[in-house]
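As structure tokens, the structure follows; a few thoughts come after it.
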Amino acid sequence: MIEKIAENLVLNKTKEFLLNYNLIEGIKPINYSNNVDMLYVHIPFCRSLCPFCSFNRQLHDTKLEDLYFSLLEKEAQIYYNNGYKFNTMYIGGGTPTVNFDHLISFIEFIKDIYPIREISIESTYRELDEDKIDTLYKLGVNRISIGIQTFDKNLSKNIGRAWQNKEDALEIIKIANEKIKTLNIDLIFNFPSQTFEQFSTDLDILLENKVKQITAYPLMPSIYSQLFKNIDRKRERQFYNILIEKMYAYKYIPSTPWCFSRNNIELIDEYITKFDYYIGIGTSSISYINENFYINTFSIEKYARLINNNKLPAIMKKSIPIKSSMELFLLNKLFALGFKKDDFIRKYNKDVNELNYILYPLKLLGYVKDDKDRIILNKKAFYLLSSSMRAFLSVLDTLRERFRKMQY
Ligand SMILES: C[S@@+](CC[C@H](N)C(=O)[O-])C[C@H]1O[C@@H](n2cnc3c(N)ncnc32)[C@H](O)[C@@H]1O
Ligand code: SF4
């Protein structure tokens with residue numbers, strides 16, 4: 001009940017905020033401000049496209065990739081020319097390793113101009129092998145995140161990943177788990193045809209193989225799809241209970257309600273919860289800086305035109321009112337299991353009591369704990385944050401889907 005109320009509040013607020021916008025045609029470079037350390041890089045190419053996937057992706061095409069990577073370098077260079085000093089890079093997709101040579105020279109280029117200390121890369125096992133993992137390791141990649149979604153043969157087929165093979169996947173997982181500081185495996189739960197047994201077995205396989213980090217996402221369909229209307233929340237909750245029980249039984253440590261690690265590990269998928277501000281480069285990337293939210297174009301043609309005119313390729317800019325920014329901070333930080341009150345004061349120059357209209361009921365219900373200098377999320381509230389974050393990301397996915405279809 002409380003979960004449903006929270007989810008609907010987040011859904012409606014995010015819809016109001018994200019789905020009302022004016023389109024723009026690029027912006028002038030934004031000067032560096034000293035609180036932006038994180039660079040997200042989007043590489044949209046994949047060998048095949050999975051129907052459930054909510055990200056901006058397109059089929060692997062060598063010619064287009066030649067152009068795309070040269071544009072990415074130019075966009076990174078614009079930020080460099082404007083004083084940026086990123087120290088963390090998250091390369092997401094798509095499947096960034098699908099054009100491995102380009103990826104490697106791009107990472108080298110970024111490392112030459114920025115003091116990068118941490119690199120995280122998304123991939124699938126079929127775009128990795130022992131040599132590639134070794135090359136990434138030597139380049140300083142600290143985290144590889146491999147999407148599996150499920151090891152089950154039939155379910156893989158149902159969700160459009162008939163190419164998956166458990167034995168081949170495990171071979172790559174074992175190599176990466178040994179070599180790379182953090183190997184993360186993504187699973188998804190609550191596909192309509194998925195059974196609790198299938199999900200439970202998927203988790204067991206990862207736990208038996210001592211995978212360092214596991215991220216399990218609830219299925220997040222776009223909010224106007226039939227699938228969204230038909231989300232079975234009761235089933236979602238049951239899947240979530242299986243996840244929590246297994247993670248605690250094996251003493252995995254949560255960093256968010258979806259992400260669990262064998263040891264305390266810093267880098268996670270939801271970097272938006274860790275970094276107050278970030279810059280995204282590449283088509284469809286999101287930047288959030290000083291209460292302004294930007295989305296890059298989804299069209300490679302437009303991307304090329306804007307970048308070649310020395311413009312940043314944003315097609316949407318939204319200024320976030322301070323109250324909404326504080327609410328977003330609260331959602332992100334509670335999702336990251338809590339925050340220091342001082343961090344809120346430093347960011348907003350206001351006391352965290354400003355958020356008492358949300359925090360007070362949460363405290364009364366035992367969902368959060370006020371621990372003098374910190375606000376801590378209690379385990380009881382994990383599912384509440386899971387469904388609220390799903391609502392937030394579903395709206396974001398809806399926006400992505402809209403722009404992807406428009407090719408704007
Ligand atoms: C952008 S994908 C890249 C990973 C890689 N290309 C792959 O195929 O596994 C990152 C992760 O997002 C998650 N994801 C994609 N679409 C989703 C959706 N509709 N709902 C929930 N999770 C989703 C999947 O778990 C996936 O591994
Ligand atoms: S899940 Fe991965 S491989 Fe499938 S379409 Fe999305 S990004 Fe591409």
Side-chain angles (χ1 to χ4, degrees), residues 40-61 65 90-100 103 120-128 143-151 155-165 168-169 172-173 176 183-192 194 199 202-203 206 211 213-228 230-231 236 239-240 243 256-260 268-272 280 282-286 298 386-387 389-401 404:
Y40 171 81
V41 182
H42 192 75
I43 298 176
F45 304 103
C46 297
R47 197 162 299 276
S48 58
L49 303 183
C50 316
F52 65 84
C53 178
S54 53
F55 289 84
N56 174 39
R57 74 280 200 272
Q58 61 189 86
L59 281 175
H60 166 56
D61 170 334
E65 284 159 3
Y90 188 102
I91 308 179
T95 310
T97 56
V98 77
N99 194 322
F100 198 70
L103 175 71
S120 177
I121 290 180
E122 289 178 353
S123 193
T124 59
Y125 75 83
R126 71 170 164 174
E127 308 300 344
L128 289 170
R143 180 176 179 273
I144 295 183
S145 176
I146 298 180
I148 292 289
Q149 328 316 342
T150 178
F151 288 104
L155 183 58
S156 295
K157 224 188 250 170
N158 284 349
I159 63 169
R161 290 168 74 103
W163 49 270
Q164 288 206 141
N165 170 297
D168 293 349
I172 299 299
I173 288 173
L183 171 74
N184 174 76
I185 300 296
D186 287 339
L187 297 178
I188 295 183
F189 56 89
N190 207 20
F191 283 113
Q194 186 176 20
F199 183 56
D202 285 338
L203 290 170
L206 298 181
V211 164
Q213 189 178 71
I214 299 172
T215 305
Y217 297 100
L219 180 66
M220 291 181 260
S222 142
I223 58 170
Y224 298 120
S225 65
Q226 199 52 39
L227 204 53
F228 185 83
N230 294 345
I231 286 185
E236 186 188 79
F239 277 112
Y240 192 73
L243 173 69
T256 74
W258 298 340
C259 179
F260 300 81
I268 57 168
D269 269 1
E270 300 310 322
Y271 60 86
I272 58 168
T283 52
S284 77
S285 286
I286 292 170
F298 283 60
S386 167
S387 52
M389 187 52 89
R390 166 172 56 64
F392 175 77
L393 293 178
S394 288
V395 181
L396 202 58
D397 292 344
T398 306
L399 192 67
R400 282 201 198 99
E401 192 178 83
R404 197 176 65 214

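What you see is a predicted model; the values in this text were computed from it and never measured. Counting starts at 1 for both ligands and their atoms, in listed order.
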Review point. Do the rings of Trp163 and Tyr125 sit parallel, tilted or perpendicular, given the 30° and 60° boundaries?
Key: tilted

Point to revise | 4.5 Å side-chain heavy-atom contact, Pro44 and Arg404 | key: no

Point to revise | Distance-only N or O hit between ligand 1 and Gly94, under 3.5 Å | key: yes

Review point. Heavy atom of Arg161 under 4.0 Å from ligand 1?
Key: yes

Review point. Is the closest heavy-atom distance from Gly147 to ligand 2 below 4.0 Å?
Key: no

Review point. With a 4.5 Å heavy-atom cut-off, do Ile286 and Leu396 have their side chains touching?
Key: yes

Exercise for review: Quick one: look up the protein heavy atom nearest atom 8 (Fe) of ligand 2 and list residue, atom name and how far away it is.
Suggested key: Cys46 SG, 2.3 Å

**Study point:** N/O separation below 3.5 Å, Asp186 to ligand 1
**Key:** yes

Check your understanding: Contact between Cys53 and ligand 1, counting heavy atoms under 4.0 Å?
Key -> yes

Check your understanding: Heavy-atom distance to atom 4 (C) of ligand 1: which of Ser222, Gly93, Ser123 wins?
Key -> Ser123

Review point. What are the atoms of ligand 2, with element, lying closer than 4.0 Å to any heavy atom of Gly94?
Key: 7 (S)

Point to revise | For Thr95, atoms of ligand 1 separated by under 4.0 Å from a heavy atom | key: 6 (N)

**Study point:** Any Arg161 heavy atom less than 4.0 Å from ligand 2
**Key:** yes

Review point. Ligand 1 and Thr124, any nitrogen or oxygen pair closer than 3.5 angstrom?
Key: no

Revision key, fill the gap. Between Ile172 and Leu128 the two heavy atoms that sit nearest each other are CD1-O, 3.6 Å

Exercise for review: Please tell me if the side chains of Tyr217 and Arg390 come closer than 4.5 Å, counting only heavy atoms from C-beta onward.
Suggested key: no

Review point. Could an N or O of ligand 1 be found under 3.5 Å from any N or O of Phe52, whether backbone or side chain?
Key: yes

Practice item. Measure the acute angle between the ring planes of Tyr40 and Tyr90, then classify it against the limits of 30° and 60° as parallel, tilted or perpendicular. Key: parallel

Point to revise | Test item: Glu236 side-chain N/O and Asn190 main-chain N/O as donor-acceptor pair under 3.5 Å | key: no

Review point. Using the ring of each side chain (for Trp, its six-membered ring), is Phe189 parallel, tilted or perpendicular to Phe199, with breaks at 30° and 60°?
Key: tilted

Point to revise | Protein heavy-atom partner closest to atom 6 (Fe) of ligand 2 - residue, atom, separation in Å | key: Cys53 SG, 2.4 Å

Point to revise | N, O or S from Cys50 under 2.8 Å to atom 4 (Fe) of ligand 2 | key: yes

Revision key, fill the gap. Looking at Gln149, Gln164, Met220, the heavy atom closest to atom 20 (N) of ligand 1 belongs to Met220

Revision key, fill the gap. Of Pro218, Ser394, Ser54, Cys46, the residue with the heavy atom nearest atom 21 (C) of ligand 1 is Pro218

Review point. So, Ser222 and Glu401: side-chain donor and acceptor under 3.5 Å apart, yes or no?
Key: yes

Revision key, fill the gap. From the list Arg57, Arg161, Arg126, side-chain hydrogen bond (donor to acceptor under 3.5 Å, both in side chains) partner of Ser48 resolves to Arg126

